[in-house]
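Values in this document were obtained by computation on a predicted structure and should not be read as measured data.
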Amino acid sequence: MLNISRSVQCPHCHYQNRWKGNPGGHEVLYCRHCEATLCTYDEYIRQMVRHEVARIMVQYTDPDSDSQLELLKRVLCDEAEKYK
């Protein structure tokens with residue numbers, strides 16, 4: 001699911017940063033350790049939504065072959081039982 005903690009890791013020093021309270025859309029997050037500019041809250045939300053959509057799309061477009069094979073086996077077994 002989405003990153004509820006609103007935690008962002010600094011790409012420079014790898015320190016975990018997060019917004020406090022309810023940030024505005026244009027509020028910029030700065031690293032508390034190295035003071036680098038990380039992103040605005042709007043950019044953060046867009047990135048999280050893109051990541052979640054990509055994850056869901058992969059889940060449905062490239063299903064796990066093992067689970068699909070197991071489902072196919074169950075369906076075929078059920079069909080075979082009908083004709084006995």
- Message: Could you work out, with side-chain contact (heavy atoms from CB on, under 4.5 Å) as the rule, every residue matching R50, not counting sequence neighbours?
- Response: R46

- Message: Holding to side-chain contact (heavy atoms from CB on, under 4.5 Å), I want the full list of residues that pass it with L69, two or more places apart in sequence or in another chain.
- Response: K73

- Task: May I ask you to test the H26-D42 pair for a side-chain heavy-atom distance under 4.5 Å?
- Result: yes

Review item, side-chain donor-acceptor pairs of residues 9-17, under 3.5 Å, at least two apart:
residue, atom, partner, partner atom, Å
Q9, NE2, H14, O, 3.3
Q16, OE1, S7, OG, 2.5
N17, OD1, R32, N, 2.8
N17, ND2, Y15, O, 3.0

- Message: Tell me the closest heavy-atom pair linking G24 and Y41, and the distance in Å.
- Response: O-CB, 3.3 Å

- Query: Does I45 share a hydrophobic cluster with Y30, counting links as ILVMFWY side-chain heavy atoms below 4.5 Å and allowing steps through other members?
  - Reply: no

- Message: Do T37 and V28 make a side-chain contact, defined as non-hydrogen atoms from C-beta onward lying under 4.5 Å apart?
- Response: yes

- Item | Approximate separation, where rounding is to 0.5 Å, of Y44 OH and E27 CD | 13.5 Å

- Query: Between E52 (side chain) and V49 (backbone), is there a donor-acceptor pair under 3.5 Å?
  - Reply: no

- For the hydrophobic clusters of this structure (ILVMFWY residues joined by side-chain heavy atoms under 4.5 Å, transitively), does one cluster hold both M48 and V53? yes

- Could you tell me whether the side chain of Q47 reaches within less than 4.5 Å of the side chain of E43, counting heavy atoms only? no

